[in-house]
Structure formats: structure tokens, C-alpha cells
Amino acid sequence: MSAKRTPRALTGDDAVGEAMRQINPDVVPAYPITPQTEIMHHFAKYVANGEVDTELICVESEHSAMSAAVGASCAGARVMTATAANGLALMWEIVYIAASTRLPIVMNVVNRALSGPINIHCDHSDSMGCRDSGWIQIYSETAQEAYEHTMMAMRIAENHDVLLPVMVCQDGFITSHSVERVDVFEDEDIKKWVGEFVPKYTLLNTDNPHTVGPLDLYDYYFEHKRQQMDAMEKAKGVIKQVFSEFEKFSGKPFDFIESYRLDDADTAIVALSSSCGTIKDVVDDLREKGQKVGLLKIRVFRPFMPEMITTALKSCKGVAILDRSASFGGFGGPIFTEVRSAFHEWKEKPHIINYIYGLGGREFTIKHAHQVFNELEEVKKGNLGIKVRSLGSRE
Amino acid sequence: MSGESWKEIPIGGVIEKAGNSKEYKTGSWRSNRPIHVPDKCIHCMICWIVCPDCAVKAKDGNFSHFDYDYCKGCGNCAARCPKDAIVMKTELEAQKEDEK
Ligand code: SF4
Ligand code: SF4
């Protein structure tokens, strides 16, 4: 039997604030930045009302927020924080340190464009920029997913085979500020499901004093990086395990990817986050007209699952990868390069093109999804044309 | 590169044993070596005070010797000695003299 839940009308930010209240972390260092601010508005209220016993540290910048998160996590605390865009950029140095010090911090990133010119709306250039930082990255299509991913992130991060920080991403404004139905679990059930954090090391253990963050030169640094690669590898098994435990708890299946009507698809779109909802509508529409189209939603981008992705797309002759971030001077966006390279050994592979879209909150509508599926009709015949295209910009 | 495999060391650069800086022999950094000249020394112990690596060893309140396992050759002691009782030699020079 799956756990009891109550439907509520919440924004993505509300939903994450709610998840944090239910998790009741020991320490939350935070600094406000649009469109993440509302998460901390809610959470600060819970702290003030005594609904959680978290120590909320109001710091003077995101660099300090992540630094305080690192310190608290080294001390053995369960730590959460949230940020977006330039806030994440300011954290940068410490984002890497959190991962390499193997601290299971959970951070909600409300995806927003990086300045400049100044823009506060959605794209993925902030979190995509730190895809190599050693954080696990989970992308949410809806407020419901942002809520559920946050619960699961805590368990994944704190597993002793992993001990890596996790970024739970949702789309700025599109998800963070839109009210949706969110099914919220009971406080007690979540408390039990998330469980107690058992740190591997804690600086407060005076019986076994140890050093964290020492100088680590050419004689050991590489070995520590090798361990991080291994932890990401092990995270694959742990994420699978946590997904299946959450399925038992909630009755809802989760996987690294979501295949939407892909089984016999001729053409497909690969995307992350809220755009997937729009694409699903268009897939249904075109399917009704007899067109064999599908969607591959990537939920977990780090660790990346090449075999799973290529297998899901195996029936396709034409595939469009949608990247909501540009890699200036690169061969397409980050999702494109990785998916395309995952197909390298395949003899019969689909023709794959890339669309850079939605930068700075530029709308992605059903019109755009239709355009992509239309253009894929040519692409699937091998007429690739421009491999990296721009979708929705004024040409 | 010798040493343990990544599978054998603590994660995240954690050092599980306290007080281990002793095991880090900073003497390997040295390119200049302080040499004591006993005839000139008045045992004022200024060198002992200024050495950043506790590499000046005292005995009964007097200068005893340099601990070359940790002396990194910064030359602070020689610069501060009021009696020029410490001379800095290059390691190459000093090693050649050792061999004699
Ligand atoms: S500073 Fe010079 S004189 Fe004083 S104890 Fe050291 S070597 Fe001797
Ligand atoms: S050279 Fe530097 S490290 Fe060596 S004994 Fe003198 S002060 Fe100490």
C-alpha cells in the first residue's frame, strides 16, 4: 500500500520548502536569489514558527552559503541549501570543494540564465556549467517531481557508498512560480522514509580527531579524484535502489530517464525539465494523427546513463536533442554532445541534431515542439542540414 | 608514482590520524642548508626562536644541532644570528663536503 498523500496547490518553490520542512535538516545556510528566494521565504517561516529545529544561517553571499554548508557538513550535520544562476556562479569554488570533500549536501537549484545581459528567467546554463563539478544532478519536470526528488536526493547523497552532494533542479518561474497540484506526504511518513543521517566522519568526534580539506598534491590528489569517479559509478546502483524504495513508498515508478511513447518511435525529442510536459502533449497529438513520435526525458543527468539512453532511442531514425544552454564554440549543447557520443559504437544509429532553445526564459511552446518533429521528418532520412540549430530565436 | 591505490586511502582527502604533520619531512624541500659555526656561537637562541619549522634543536639551553629532516632551508636563522654563527651553503656544496 502506498503512503497517504494530500493534494495541495503549490508552486515549485513552495513544494521544495515543504520538502525541506519535512526533512528537517540540521543546518541550512542560505542567501536569497530570484527565483529561488521563495524556497527560503517558506523555510525561514518554518524555522521562525518552530516547525523545524534547523539552524538557519543567513550569510552575506552564496560563496559564504556554500562555505557554511561545507563546514556544517564536515561537522556531521545534515545540510541543505538552495540557489540559482549567479548565486550558483558565486558559489563555484566551494561547489567543487563540497563534492571533493565528499559532503552529502542537498541543494535545490532553480534554473535561471546567467548574466549578462542581466536576465532572471529560466535556462539551464547555471547547473549545466557545473556538470563536471562532481555533484549528482536531478532535473524536475514539475513541482511534484521537485518535491519528490528532494526527498530522494537526501537518501542518495547520504548513502556511504556515494557521499556526494546532489543538485535538484527545477525550471525558474515556469515551475518555481506556477501553482500546480502537488501531492504531499504525511510528515511522519517522510521522516521515517528519509531516516537519520549517519555521517562517516564528523569533526565533533573528539575521540577520533581527523583532518579535512588538507593540502593534496601530485602524490594523492589524483587518487581522490579517482575515488570521486568511482562514487559516481556506485551512485548509479544507489539511485536505482532509492528509486525503487520510493516506488514502494509512493506507488510511483522512477527511473534515470522517462521514455514517453518511445517503443516504436521513428523520431524523438530528448529534453529535460518542464519542456517535457509541453512535448508530451505534442507527442500525444501527433500520435493521434498516426505519426510515430516520442520523448526521452532525462531525469538524472549526473551520473549520465549512456546505455540506458541509447537503448531507449533504439527504434528512432531521427532524434533532436534540446539543450536549454549554449556551449559557445562547442559542438552543440552539453546534452547533445553526450547523447551523440553515447551512440558512437552503434552500427545502426539515428541521425541526431541539436536545438539550443529557451535561453533567458524564451518561451518554448507546442508550436516549437511541432516545428522540431516536422524538421525531424527530413533529418531521419539523413538530410541533416545544420546540426546545431537555434529554436525560437529571431533569425 | 608509488603509494597506495585509490581503493586504500580515506575519501575526500580526510586524514584519519591526528598529529601527523611530523610524518611530512619538509627537509626534502631544502635547496640551501644552514651550517653552524660553534666557535662564533654565543647560544643566544635567536635562531631557535625564529625557525618556523622547529628545526633548531637545543640541549640544556644551548644550541645543539639542526634537524635536517625538517629544516627547509629558509635561512631565517642565518639572517637573524647576531654573530654570523650560521652560514648558508647550497645543498650541492654541502653534499659535496659531506662526501669528503
Ligand atoms: S642565533 Fe647564532 S649565536 Fe645565537 S644561538 Fe643561534 S647560532 Fe648561536
Ligand atoms: S634554515 Fe630555516 S628551517 Fe632551517 S633551521 Fe634555519 S630557520 Fe629553521
Side-chain angles (χ1 to χ4, degrees), chain A residues 69-71 73-76 79 94-105 133-135 157-165 199-235 238, chain B residues 1-34 47-57 65-80 88-95 98:
Chain A
V70 164
S73 189
C74 286
V79 186
I94 321 295
V95 163
Y96 272 75
I97 292 172
S100 51
T101 311
R102 306 295 296 277
L103 304 173
I105 298 161
S133 64
W135 285 59
E158 290 173 354
N159 186 295
H160 280 206
D161 284 339
V162 178
L163 290 175
L164 289 174
K200 184 172 169 71
Y201 296 106
T202 148
L203 282 178
L204 300 181
N205 180 352
T206 47
D207 293 335
N208 281 310
H210 66 275
T211 304
V212 296
L215 184 71
D216 194 22
L217 302 179
Y218 43 75
D219 46 357
Y220 280 103
Y221 181 88
F222 200 166
E223 277 67 32
H224 289 123
K225 294 294 134 184
R226 182 67 186 79
Q227 291 176 328
Q228 279 180 259
M229 295 177 205
D230 180 60
M232 270 291 179
E233 213 39 60
K234 289 207 180 96
V238 172
Chain B
M1 192 93 226
S2 62
E4 303 101 313
S5 134
W6 60 270
K7 294 178 192 125
E8 296 158 349
I9 57 172
I11 58 164
V14 164
I15 299 172
E16 289 174 340
K17 211 171 81 194
N20 53 63
S21 58
K22 255 201 323 232
E23 288 165 30
Y24 194 2
K25 302 267 167 76
T26 47
S28 67
W29 302 5
R30 192 174 57 243
S31 55
N32 289 307
R33 191 191 296 185
C47 53
W48 180 84
I49 293 167
V50 299
C51 174
D53 282 284
C54 302
V56 176
K57 295 298 167 194
H65 64 280
F66 291 112
D67 185 342
Y68 291 122
D69 275 351
Y70 299 101
C71 164
K72 59 182 190 270
C74 67
N76 275 0
C77 51
R80 288 285 161 253
M88 298 301 292
K89 290 196 173 159
T90 66
E91 265 305 304
L92 199 67
E93 227 182 318
Q95 276 167 22
D98 285 350

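To find a chain, count down the sequence lines: A is the first, B the second, and so on, and within it residues start at 1. Quick caveat: nothing in here was measured; it's all calculated off a predicted structure.
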Self-check item: Polar side-chain atom of Glu158(A) near backbone of Pro104(A) as donor-acceptor pair, under 3.5 Å
Solution: no
Self-check item: Backbone N/O of Lys22(B) and side chain of Lys25(B): donor-acceptor pair under 3.5 Å
Solution: no
Practice problem: Establish, yes or no, whether the cationic atom of Arg30(B) lies under 6.0 Å from the six-membered ring centre of Tyr68(B) and within 45° of the ring axis. | Solution: no
Quiz item: Given a strict heavy-atom distance threshold of 4.5 Å, which part of Leu103(A) is in contact with chain B: side chain, backbone, both, or neither?
Solution: neither
Quiz prompt | Separation between CG of Asp219(A) and CG of Leu215(A), rounded to the nearest 0.5 Å | solution = 8.5 Å
Self-check item: Most chain B-contacting option - heavy-atom pairs closer than 4.5 Å, from Arg226(A), His210(A), Lys200(A), Arg102(A)
Solution: Arg226(A)
Self-check item: Residue Glu8(B) versus chain A: region with a heavy atom under 4.5 Å
Solution: neither
